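Below is one structure; the comments refer to it alone.
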Amino acid sequence: MFEGLRLQHWRTEVRADGIVVLTLDRADQSVNALSRGVLDELGQLVERLAIEKPKGAVFCSGKAAGFIPGADIKGFEEIDARGQIFDWIRSGQLLFDRIARLPFPTVAAIHGHCMGGGTELALACRYRVASSAENTRIGLPEVKLGIYPGWGGSVRAPRLLGAPAAMDLMLTGRALRASQARAIGLIDRVVEGPVLLDAAIELAKKGMQRPLKQRLTAWASNTWPARQVLANMMVKQVARKARKEHYPAPYALIETWRRTGVGNVSRALLAEAKAVSKLASGPTTRNLVRVFLLMERLKGLGGKDHGIQHVHVIGAGVMGGDIAAWAAFRGFTVTLQDREMKFIEPALKRADEFYAKKIKDEAKRAETRARLQADVEGAGVARADLVIEAIFEDAEAKQALFRKAEEFLKPGAILATNTSSIALEVLREGRTDASRFAGLHFFNPVALMPLVEIVQHDRLDAETTRRLAAFCKAIDKLPVPVAGTPGFLVNRILAPYMQEAILLFKEGVPGAVIDKAALKFGMPMGPIELVDTVGLDVAASVGKIMAAFHGQPLPEGLTVEEGKRGKKDGQGLYKWENGKPVKPEVPAGYKPPEDLEDRLILPLVNEAVSCLADGTVADADLLDAGVIFGTGFAPFRGGPIAHARAEGPARLKARLEQLAAVHGPRFTPRPGWETL
């Protein structure tokens, strides 16, 4: 049947019962990302299938990692640069449509990851079977790249699942477990991994009838009147989370479906291709694709070999306790030390609550909890491959702790500090082996914040940095190596942003107005709410350190009142109730300062330019990645350096000079603008 085809990425098996098994095993990668080469070969296979007409065909994966993670994003920038996006989308569409039109049963046998283009290929098949393995995940996450499914997914999903379930899947970009996908009708059967292929072959032979309720919902929710009503509801829901000018993709998806529907497949596919190609060539998608590639770069910084099995954390406060709980969650043996058991118990309680939410299987939850052990005496130091200090910010106290720990460290063990602001040049003094002493700066909350700064100094061994980067990957964090100067990268860049927000507040600008301006720019949280969340005491401490670092006085008005440090006290710049800020109403007719956004954002960008100029990070890409993943800086803008370049460095520098003339020297442009 397939004689004469020269295939690199696909294996074919023509069974005696007339079922053809097509196994994707991409030759040049560890995963089955859909490259042009993979799709070209698939086109040849589909052409032969259409001619030979076997009794059925099964698509499966030859990779242990999973089915198909989606299109090859690394090739997207080249396609965009050549102006070939529409052609690329249209060719994939037409290929999958040819699969959908094959005159015999087709089945996708899914295990592991099945995302984006992989799910669209599965949707083009008549049936789908998935393994019940814990790592099986199925989704359409294209919205996270500023587009939406463009190879027929936005047409076929509503036709199969009904509009509510399909649109929720595409608008959120969330990944479903096999059982969840089965519940909404995306998967027809869920089976154990060892019998996955057998079940797919059986389904190709016998077929099945989908539930009547699913078929009725699919029909009714895609009628013209239903589309008009549902589309309006969807737009309101999306608007609560994303502004149209920032993230146009979900709005375009809703509007294309509302206007075109999915009844005439050819017409709907063409509308999908036009809308997605327009989005894909816009700045939001280009920046989000860049952010995705930056994330992949961070994941690859250290490789896989870290040589760490046992982690010992000293300091069971919020940061130390949560670092310990997270490391145990990710498979490491962890001992947690503090002065008395009463200081460790709250951390263990938080860990239990976290595991209860994240791990549904009781046996696995117990196994995870067993890896996290209280250790008042600190016996774990001698067994640990990595010791992390996470006590309060006092250089002398940290030095005393390091000296004691070094008495017991085994050869090759790494000693790390979670300091958020103290210079590593200070803390590394007196170390018995400074080459294996570094900063490992996590962000709060540990379970949610993806970034970890690997803080370096001039006596640190490169192998230690590499091992720590590999450890970060192993605990599902993104490492960014940074210089050990005060504030490092993220806190240094956030400090002037937060300080200016406090000054604006002290000047009488309502907190809600300040926060709204930041949200409008694209920040995930307003700076007044952020200051209260971090703590005014912490913000003031970092501010003093950064003011001294720059040789400038700390702006007046940055004082902290006793018992009013923010969220932790229940009162700060806002009053806090049930963990949420109570924001006073803005007076009617209030007009915010015309330069409000500039006063907030430009100090942050100014400091980012300074960090790049003095080598806090190796390059602009790492800086943008660090700030995005460490602060949530508007991803659709690509990071502060990308934003500065897009807006025009000369224009922003001139605006800073204008602000300095009006509001003071804190706005003076830092060195480095001329190099952008």
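Note that the structure is a prediction, hence the values are computed from the model and not measured.
Looking at R128, its side chain never comes within 3.5 Å of a backbone N or O of A108 through a donor-acceptor pair. With hydrogens and angles ignored, the 3.5 Å screen pairs a side-chain donor or acceptor of H9 with a backbone N or O of A27. Between the side chain of K241 and the backbone N or O of T172, no donor-acceptor pair lies under 3.5 Å. The main-chain N or O of S91 is never found under 3.5 Å from a side-chain atom of Q93 such that the two would form a donor-acceptor pair. Counting only distance, with no hydrogens or angles, the side chain of R365 and the backbone of I359 share a donor-acceptor pair below 3.5 Å.
Side-chain contact check for L49 versus F2: some heavy-atom pair is nearer than 4.5 Å. No side-chain heavy atom of T12 sits under 4.5 Å from any side-chain heavy atom of L5. In this structure, the side chains of S221 and L230 come closer than 4.5 Å at one or more pairs of heavy atoms. Inter-residue side-chain proximity for T368 and K358 is flagged as unmet; no heavy-atom pair is nearer than 4.5 Å. Inter-residue side-chain proximity for I628 and R290 is flagged as unmet; no heavy-atom pair is nearer than 4.5 Å. Counting heavy atoms from C-beta on, the side chains of L622 and L298 come closer than 4.5 Å. Residues L169 and L186 are in side-chain contact: their nearest non-hydrogen atoms beyond the backbone lie under 4.5 Å apart. Side-chain atoms of F96 and L42, non-hydrogen and from C-beta on, do get closer than 4.5 Å to each other.
Rounding to the nearest 0.5 angstrom, the gap separating the NZ atom in K74 from the CD atom in Q29 is 6.0 Å.
Here side chain to side chain donor-acceptor pair (under 3.5 Å) pairs that include residues 179-190, with residues two or more places apart or in two chains, are D188-R210. For residues 278-289, every residue pair satisfying the salt bridge (charged side-chain N to carboxylate O under 4.0 Å, His left out) rule, not counting sequence neighbours, is listed here: D80-R286. Residues in residues 213-229 take part in no salt bridge (charged side-chain N to carboxylate O under 4.0 Å, His left out) pair, two or more places apart or across chains.
With sequence neighbours left out, Y247 forms a ring pair (Phe, Tyr, Trp, His ring centres under 6.0 Å) with F636. E120 is linked by a salt bridge (Lys or Arg N to Asp or Glu O under 4.0 Å) to nothing, counting only residues two or more places apart in sequence or in another chain. With sequence neighbours left out, E47 forms a salt bridge (Lys or Arg N to Asp or Glu O under 4.0 Å) with no residue at all.
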**Message:** Checking F521 against L604 for the side chain to side chain contact (heavy atoms under 4.5 Å, CB included) test, could you report, in this order, the C-alpha distance in whole Å, the side-chain angles of both residues, the deciding distance, and whether it holds?
**Reply:** CA-CA 13 Å; F521 177 80; L604 185 156; over 6 Å; no
Requested in this report: Please lay out, stage by stage, how I85 and F76 fare under the test side chain to side chain contact (heavy atoms under 4.5 Å, CB included).
Outcome: CA-CA 8 Å; I85 292 178; F76 175 83; 4.1 Å; yes
**From CA spacing to verdict: side chain to side chain contact (heavy atoms under 4.5 Å, CB included), R90, L270** = CA-CA 8 Å; R90 194 65 173 145; L270 182 58; 4.0 Å; yes
TODO: Take T23 and E13 through the test side chain to side chain contact (heavy atoms under 4.5 Å, CB included) and record every step on the way to the result.
DONE: CA-CA 8 Å; T23 303; E13 178 191 0; over 6 Å; no
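Electrostatic pairing of R36 and D72 does not count as a salt bridge here, judged by no charged N lying under 4.0 Å from a carboxylate O. Looking at D17 and K55, no side-chain N of the basic residue comes within less than 4.0 Å of a carboxylate O on the acidic one, giving no salt bridge. Using a 4.0 Å cut-off between charged nitrogen and carboxylate oxygen, D97 and R156 count as a salt-bridge pair. Comment: R82 engages E78 in a salt bridge, judged by a side-chain N to carboxylate O separation of less than 4.0 angstrom. The pair R297-D619 meets the salt-bridge criterion, since a charged nitrogen lies less than 4.0 angstrom from a carboxylate oxygen.
Looking at every heavy atom in both residues, T284 comes nearest to G146 through CG2-CA, 4.5 Å. The two residues P640 and V605 make their nearest non-hydrogen contact at O-CG1, 4.0 Å. Heavy-atom minimum distance, E134 versus R177: OE2-NE, 3.9 Å. Across all non-hydrogen atoms, the minimal contact from E597 to A517 is OE1-O, 4.4 Å. Of all heavy-atom pairs between Y148 and A249, the closest is CD2-O, 3.9 Å. Smallest separation of non-hydrogen atoms from I68 and N32: CG2-O, 3.2 Å.
The 12-atom threshold is not exceeded at CE of M233, counting heavy atoms of other residues, nucleotides or ligands nearer than 6.0 Å. More than 12 heavy atoms of other residues, nucleotides or ligands sit less than 6.0 Å from atom NZ of K583. For NZ of K244, the number of neighbouring non-hydrogen atoms (other residues, nucleotides, ligands) closer than 6.0 Å is 12 at most.
Among M525, K520, E529, the one residue that satisfies the side-chain contact (heavy atoms from CB on, under 4.5 Å) test with D515 is E529.
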